[in-house]
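One structure is given below, encoded as structure tokens.
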There are 2 protein chains.
Amino acid sequence: MSLIPIRPGSPFGTQPERSDAARNRERLLQAARDLVAERGVDAVTMDMLACRADVGKGTVFRRFGSRAGLMMTLLSDAEAEFQREFIFGPPPLGPGAPPLERLIAFGEARIKYVEEYGELARAAAEHSPQNRHDAPPVVLWHRHIEMLLREAGLDRDPWLLALSLGATLDPERMLHSLRAHGVAPERLAASWRELVTRLLKDC
Amino acid sequence: MSLIPIRPGSPFGTQPERSDAARNRERLLQAARDLVAERGVDAVTMDMLACRADVGKGTVFRRFGSRAGLMMTLLSDAEAEFQREFIFGPPPLGPGAPPLERLIAFGEARIKYVEEYGELARAAAEHSPQNRHDAPPVVLWHRHIEMLLREAGLDRDPWLLALSLGATLDPERMLHSLRAHGVAPERLAASWRELVTRLLKDC
DNA sequence: ATAATAAGCGGACCGCAGTCCGTTTAGAAT
DNA sequence: ATTCTAAACGGACTGCGGTCCGCTTATTAT
């Protein structure tokens, strides 16, 4: 399902999960989606979730590891879809277009993603620089930007430059611009376009 | 003392703090510095601080408002010094040099700042997008970058562009590169130089 | 000196994320 | 069907940041 397996599911040799575990997982995911829908991401507590799903608290943490892990799980379908699009999808986001256009499209797609899932994404990164910067999806985005920079001929430490560009697209930061400062998404997109266009000029 | 008054001190008409309050503030700051020195920022808890300073927990929070507030207070001298340097100090960091050189110097200074105070700065921004992005010093850095961009002739939404550049210099992010990935500070500086140089080319 | 008062104080208390460990149970082996 | 065992479970417990509120005390006015 996800291109990068975010949670438990099924590495290879491992036997399938027990039936009660599967049932509880479904109950938990359903309850989590309901709670997020009716109260907002930030108001959902792990106790609340355990209670609503009618399981013990230990079960919640066994399943998701942490609050951030729960949020990642809730995001994983959207995340997988996003990954599919920029890896296999049609240009300009997917392969086929020149790198500058792909970069621009990548930024625009991220902005839309943050508009829709920003709160979840923020909660999925909270309380751990490790999760924030080295979670598999983040590393993948980073590598993708780095690859596009290389393709565009930017050979001076593209890894760090990709980190800088990634910082611009950070969910918390963009969310803050959008919500706290009322910046229009189109303006964010225009600024991103301007930024990468200038960066890649004459390479 | 600080150019931007970070904590309580003395707005104008307010009478000076009571003597016992002053004494407790000194005790708290001394205890906080000691604890940070001997156990590291992340290991210092508010209870621990209250206990070491021999005051009640309520007093700690009355003084600093939150853990982040405490860390900001511990940073305020270094922060004021940094502000002085890029506002009034000698070029290329201070006024007098061309904007590109000032930008480069600003990034370099921030990198040194993070090397020295990164953990404190990270802790000062934790648990609140509000504090992270709209704290007075952050706003000041942002304005400074924006001003330099304008001076350099970059007139397409310099406010948002400054936000992007600021994101690159974010303490948590740089700290993560430095510590978790072992990136040398000189490499960070070189990447920053490359980034802003390309951005300001042909303006 | 005494009284009045507001700032300051302390620590019990709360909510939340995350852990621990004794108990239950699904599913395999016989 | 019975036994076995490892996975799963549940909820009491811990640690931390942060709040609340009744008590204390420095300071000012009389």
Side-chain angles (χ1 to χ4, degrees), chain A residues 7-11 13-29 31-32 35-36 39-73 122-128 130-132, chain B residues 7-11 13-28 31-32 35 39-73 122-128 130-132:
Chain A
R7 271 286 140 186
S10 48
T14 64
Q15 58 216 16
E17 65 185 341
R18 255 166 57 167
S19 61
D20 54 343
R23 188 204 49 197
N24 279 339
R25 200 190 57 232
E26 283 319 306
R27 284 228 294 258
L28 280 166
L29 285 174
L35 283 171
V36 165
R39 320 179 61 138
V41 172
D42 295 347
V44 176
T45 72
M46 299 303 265
D47 291 87
M48 199 186 286
L49 173 57
C51 176
R52 173 72 77 101
D54 208 42
V55 302
K57 198 179 181 179
T59 303
V60 181
F61 280 89
R62 150 174 296 265
R63 205 51 69 191
F64 303 111
S66 68
R67 199 183 128 95
L70 165 68
M71 300 310 177
M72 284 184 215
T73 304
R122 172 154 41 94
E126 247 162 14
H127 300 305
S128 148
Q130 180 64 18
N131 269 353
R132 190 189 295 272
Chain B
R7 270 287 141 185
S10 48
T14 62
Q15 58 216 13
E17 64 186 341
R18 256 167 56 169
S19 62
D20 55 342
R23 188 204 50 198
N24 279 340
R25 201 190 55 233
E26 284 318 307
R27 284 230 292 259
L28 280 167
L35 282 170
R39 319 177 61 137
V41 172
D42 295 346
V44 175
T45 73
M46 299 303 265
D47 292 88
M48 197 186 288
L49 173 57
C51 177
R52 172 72 76 103
D54 208 42
V55 302
K57 198 178 181 179
T59 304
V60 181
F61 280 89
R62 149 175 297 267
R63 206 51 69 191
F64 303 112
S66 67
R67 196 183 130 96
L70 164 68
M71 300 308 177
M72 283 183 219
T73 304
R122 170 154 42 93
E126 248 163 11
H127 300 304
S128 150
Q130 179 65 17
N131 269 353
R132 191 190 294 274

Around atom CZ of B:R23, are there more than 12 heavy atoms of other residues, nucleotides or ligands at under 6.0 Å?
yes
To the nearest Å, how far apart are A:H127 NE2 and C:dT19 P?
13 Å
Atom CZ of B:R62 to atom P of D:dT19: distance rounded to whole Å?
13 Å
Main-chain N/O of A:A53 paired with A:R27 side-chain donor or acceptor, under 3.5 Å:
yes
Are the side chains of A:M46 and A:L70 in contact, using a 4.5 Å heavy-atom criterion?
yes
Take the protein atom CG of B:L49 and the nucleotide atom C1' of C:dG10, then report the distance between them rounded to whole Å.
14 Å
Candidate nucleotides C:dG18, D:dC9, D:dC16, ranked by approach to the side chain of A:R63 - the nearest
D:dC9
Reckon B:N24 has a side-chain N or O less than 4.0 Å from the OP1 or OP2 of C:dC9?
yes
Residue B:T59, side-chain atoms from C-beta onward, closest of C:dC9, D:dA8, D:dT19:
C:dC9
Sub-3.5 Å donor-acceptor pair from the side chain of A:R63 to the main-chain atoms of A:A21, do we have one?
yes
Which letter, B, S or -, goes with each nucleotide of nucleotides 23-29 of chain C from 5' to 3', with contact meaning a protein heavy atom under 4.0 Å?
--BSS--
Say you draw a straight line from CG of A:D54 to CG of A:N24; how long is it, rounded to the nearest 0.5 Å?
9.0 Å
Counting only side-chain heavy atoms from C-beta out, which of C:dC16, D:dG18, D:dA8 sits nearest to B:F61?
D:dG18
Are any non-hydrogen side-chain atoms of B:R39 and B:M48 less than 4.5 angstrom apart?
yes
Taking the nucleotide of DNA chain D with the nearest heavy atom to each, does B:M46 or B:R23 sit closer to the 5' end?
B:M46
Could you give the CG-to-P distance, from B:N131 to D:dG18, as a whole number of Å?
10 Å
For the pair A:M72 and A:N131, evaluate side-chain contact (heavy atoms from CB on, under 4.5 Å) and give the outcome as yes or no after the intermediate values.
CA-CA 10 Å; A:M72 284 184 215; A:N131 269 353; 3.5 Å; yes
Measure from CE on B:M48 to C1' on D:dG17 and round the result to the nearest Å.
13 Å
Looking at C:dA17, does its base get a donor-acceptor pair with the side chain of A:K57 below 3.5 Å?
yes
